[in-house]
Amino acid sequence: MSGMGDGYVGTAQDAVRIRKLEKQREAERRKIQELKDKSASGTGQPGLLQFGKSQAEVLEHAFKKETVGLVTREEYVEKRINIRNKIEEEEKEKLQKLQQEEEELQLKKRKQRKIKGNSRLSFADEIENGSEEEDGENVTQSKKLQLGKFGKDPTVETSFLPDSEREAEEQAERERLQRQWFLEQEQIRNEPLQITYSYWDGAGHRRAIQVRKGDAIGEFLRAVQQQLAPEFREIRTTSVENLLYVKEDLIIPHQHSFYELIINKARGKSGPLFHFDVHEDVRTIADATIEKDESHAGKVVERHWYEKNKHIFPASRWEIYDPTKKWERYTIHGD
């Protein structure tokens, strides 16, 4: 092994470490040699990039002399490290010097190309005269003239191109309209609603009550129970869950709200579900092409009565309200 004679007393790990360092040093040497060859072939000028004789061999020879004979492992490792550090420093200095000379050479070439390019301009004579201030002014003026030839065409349609400012404005406008819509809907939900209904136990007992448009059917039935409890014993003893609200022959589940029926303009079997007063379609001339505009009082029914009489008219026509089911025309008899 290079650098290790018979007097080497280091361990196997030290030997591996030394071989690794020697490989790294050899790679750096090859890199420096490639840069030297490249520089010499590219310039063709003798004496431009000259390298002196490397001191690596001198240091290596000195290391061999110092380690001749018996030496301790610590001394061998210390001397080896010192020699390696000196060699690395020398190679780094040479590499930095080579890179600096390469940069200077490239800078010189760029300046030469720039001078050749400027000679084609109308103010080439001023450059040759060495007037740096006038040169800078002419270059600036030339750039302005060149840029002035190109610009935007105001007649071209550009609305389809991405525009962050326009998109931000549109997003802000959408959010504003959304907040405004929610506020308007909340105001509608809080509006009072007068409902005419009939408590049905085989006979009709018509009443009227006021709630909010945003109230659910369950909340409406709770208010009805409180209104009817003093008159009807069966209402006092039952719960809200056992009361049904039947509007236009459809049993409306408790979770639906009047706002939902109004905003969707829901239709029932025998009339609209979004009118809660009672009115008849009074027309002097019958017209089959125009749908009748009639609204009937909704019925409040105790569940026990419905289960007992659902096979008898009018309970036989009643069915559960389904928002997805559409009624094309109104009927007051049959299925």
Side-chain angles (χ1 to χ4, degrees), residues 185-282 292-327 330-335:
Q185 299 308 305
E186 188 63 26
Q187 292 176 350
I188 294 175
R189 289 187 181 93
N190 291 325
E191 292 178 357
L193 178 64
Q194 187 77 13
I195 298 179
T196 301
Y197 71 94
S198 176
Y199 172 57
W200 188 265
D201 58 357
H205 308 278
R206 184 167 295 185
R207 299 287 189 275
I209 193 171
Q210 181 172 297
V211 296
R212 294 184 310 113
K213 290 182 179 180
D215 288 345
I217 301 300
E219 296 172 330
F220 158 72
L221 292 174
R222 182 175 289 105
V224 168
Q225 183 188 31
Q226 295 174 358
Q227 187 182 47
L228 297 178
E231 290 185 64
F232 302 96
R233 182 176 60 83
E234 63 273 17
I235 294 296
R236 283 198 304 270
T237 58
T238 191
S239 63
V240 176
E241 288 74 16
N242 288 325
L243 294 178
L244 304 177
Y245 178 58
V246 184
K247 175 66 174 170
E248 307 301 346
D249 293 326
L250 294 180
I251 302 173
I252 312 298
H254 289 196
Q255 70 270 17
H256 293 287
S257 66
F258 295 105
Y259 168 81
E260 177 184 345
L261 300 175
I262 294 171
I263 203 71
N264 293 324
K265 293 190 178 299
R267 295 168 60 92
K269 295 177 69 174
S270 56
L273 297 178
F274 50 88
H275 291 319
F276 301 96
D277 58 348
V278 177
H279 62 269
E280 296 181 356
D281 186 11
V282 180
K292 288 187 176 182
D293 181 22
E294 295 182 348
S295 178
H296 310 95
K299 297 179 176 61
V300 175
V301 182
E302 204 272 326
R303 187 184 298 273
H304 176 72
W305 183 93
Y306 170 69
E307 295 294 340
K308 184 178 179 181
N309 299 277
K310 62 182 179 181
H311 61 287
I312 305 173
F313 183 86
S316 59
R317 277 178 49 87
W318 300 348
E319 59 181 275
I320 303 296
Y321 167 68
D322 182 4
T324 62
K325 188 174 183 179
K326 305 299 181 183
W327 302 94
Y330 298 140
T331 60
I332 58 174
H333 57 78
D335 295 333

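If you read the sequence from its start, that first residue is 1, and numbering goes on from there.
With sequence neighbours excluded, no residue forms a side-chain hydrogen bond (donor to acceptor under 3.5 Å, both in side chains) with E186.
Atom CZ of F276 and atom CZ of F220 lie 9.0 Å apart (nearest 0.5 Å). Within the model, atoms CG of L273 and OH of Y321 stand 6.5 Å from one another, a figure rounded to the nearest 0.5 Å. The line from NE2 of H275 to CD1 of I262 is 9.5 Å long, rounded to the nearest 0.5 Å. Here NE2 of H256 is found 13.5 Å from OH of Y245. Values are rounded to the nearest 0.5 Å. Note that the NZ atom of K325 and the CZ atom of R267 stand 13.5 Å from one another [nearest 0.5 Å]. The distance from the OG atom of S239 to the CG atom of L221 is 10.5 Å, given to the nearest 0.5 Å.
Looking at K310, R303, H304 one by one, the single match for side chain to side chain donor-acceptor pair (under 3.5 Å) with E307 turns out to be K310. The side chain to side chain donor-acceptor pair (under 3.5 Å) test with Y259 is passed by exactly one of R212, E191, Q185: Q185.
The main-chain N or O of A208 is found under 3.5 Å from a side-chain atom of Q227 such that the two form a donor-acceptor pair. K247 contributes a side-chain N or O that, together with a main-chain N or O of H296, makes up a donor-acceptor pair within less than 3.5 Å. Under the 3.5 Å distance criterion, the side-chain polar atoms of S198 are matched with a main-chain donor or acceptor of H205. Looking only at distances, a side-chain donor or acceptor of Q225 sits under 3.5 Å from a matching main-chain atom of T238.
Here the side chains of L228 and R207 are in contact, with some heavy-atom distance below 4.5 Å. Residues F258 and I217 have side chains in contact (heavy-atom distance under 4.5 Å, counting atoms from C-beta outward). At least one side-chain heavy atom of L243 sits less than 4.5 Å from a side-chain heavy atom of I235. Residues E319 and L250 are in side-chain contact: their nearest non-hydrogen atoms beyond the backbone lie under 4.5 Å apart. Inter-residue side-chain proximity for E248 and K269 is flagged as unmet; no heavy-atom pair is nearer than 4.5 Å.
Residues V240 and G218 share a closest heavy-atom pair of CG1-O, 3.7 Å. The shortest non-hydrogen separation linking V224 to I209 is N-CD1, 4.0 Å. Closest of all the heavy-atom pairs between V300 and Y197 is CG2-CD1, 3.6 Å. Closest of all the heavy-atom pairs between S257 and G214 is CB-O, 4.0 Å. Smallest separation of non-hydrogen atoms from E234 and Y199: OE2-OH, 2.9 Å.
The aromatic rings of W318 and W305 lie tilted to each other, with the angle between the two planes from 30° to 60°.
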Please walk me through it: do L193 and Q210 pass side-chain contact (heavy atoms from CB on, under 4.5 Å)? CA-CA 6 Å; L193 178 64; Q210 181 172 297; over 6 Å; no
Check the pair T196 / R206 against side-chain contact (heavy atoms from CB on, under 4.5 Å), numbers first and verdict last. CA-CA 7 Å; T196 301; R206 184 167 295 185; 3.9 Å; yes
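Environment of CZ in R236: crowded, with over 12 heavy atoms of neighbouring residues, nucleotides or ligands closer than 6.0 Å.
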